[in-house]
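Worth saying up front: this structure is predicted, and the values here are computed from it rather than measured. So that the names make sense, note that chain A is the first sequence line, chain B the second, and so on, each numbered from 1.
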Number of protein chains: 2
Amino acid sequence: MKTYRLEVAITPREGLLDPEGKAVEHALQALAFDGVSRVRVGRLVTLEVSAEDEVSARAGAEEMCRKLLANPVTEDFSIALAEA
Amino acid sequence: MKTYRLEVAITPREGLLDPEGKAVEHALQALAFDGVSRVRVGRLVTLEVSAEDEVSARAGAEEMCRKLLANPVTEDFSIALAEA
């Protein structure tokens, strides 16, 4: 068993409303940051997983996303292997 | 002016408590995901910025982090250029 460090990026699905992103966008504009658009706020979960190999580490993380980390209706996720 | 798409990763600073990460870690263990550790939950802000060049786009995003997006006491941030 090796330890893998994974970064899971969870983002609001393209095309769906993202009220938090809109609020941040308006706040940035109120702070005179012009030219800012399409702000979206997601979550970045980093975790370490013990697994036999990289493939099963990723498979485990995908299952975590489906079961707990991401909302399958409104969010997309992507998993990247970081240095352990 | 060009449009740059930036990904800003905001993470709880190493060494500081991350109650949300702890809660997620316990929930994953309760769902029988063994071998999960060091879970930390941050935010991933994606945004588009109009700027003269990549350097000023990044500089703008750093200022946004310092002024609004990140808590300078408890969080670190990193900025990556995504495809526009």
- request: Provide the closest heavy-atom pair for Leu68(A) versus Val24(B) in the form atom of the first, atom of the second, distance.
  value: CD2-O, 4.1 Å
query: Got a sec, which residues hit side-chain hydrogen bond (donor to acceptor under 3.5 Å, both in side chains) with Lys67(A), two or more places apart in sequence or on another chain?
result: Glu63(A)
Selection from Ala51(A), Ser37(A), Gly60(A) maximising heavy-atom pairs under 4.5 Å formed with chain B: Ser37(A)
query: When only pairs under 4.5 Å are counted, which of Glu20(A), Arg38(A), Met1(A) shares the most heavy-atom pairs with chain B?
result: Arg38(A)
query: Between Leu44(B) and Arg40(A), is any pair of side-chain heavy atoms under 4.5 Å apart?
result: no
query: How far does CZ of Arg43(A) sit from CD1 of Ile10(B), to the nearest 0.5 angstrom?
result: 14.0 Å
task: Answer yes or no: is there a side-chain heavy-atom contact under 4.5 Å between Thr46(B) and Val39(A)?
output: no
field: Contacting moiety of Leu31(B), where chain A heavy atoms sit under 4.5 Å
entry: side chain
field: Transitive ILVMFWY side-chain link Leu81(B) to Phe33(A), under 4.5 Å
entry: yes
query: Can you say whether Leu69(B) sits under 4.5 Å from chain A via the side chain, the backbone, both, or neither, judging by heavy atoms?
result: side chain
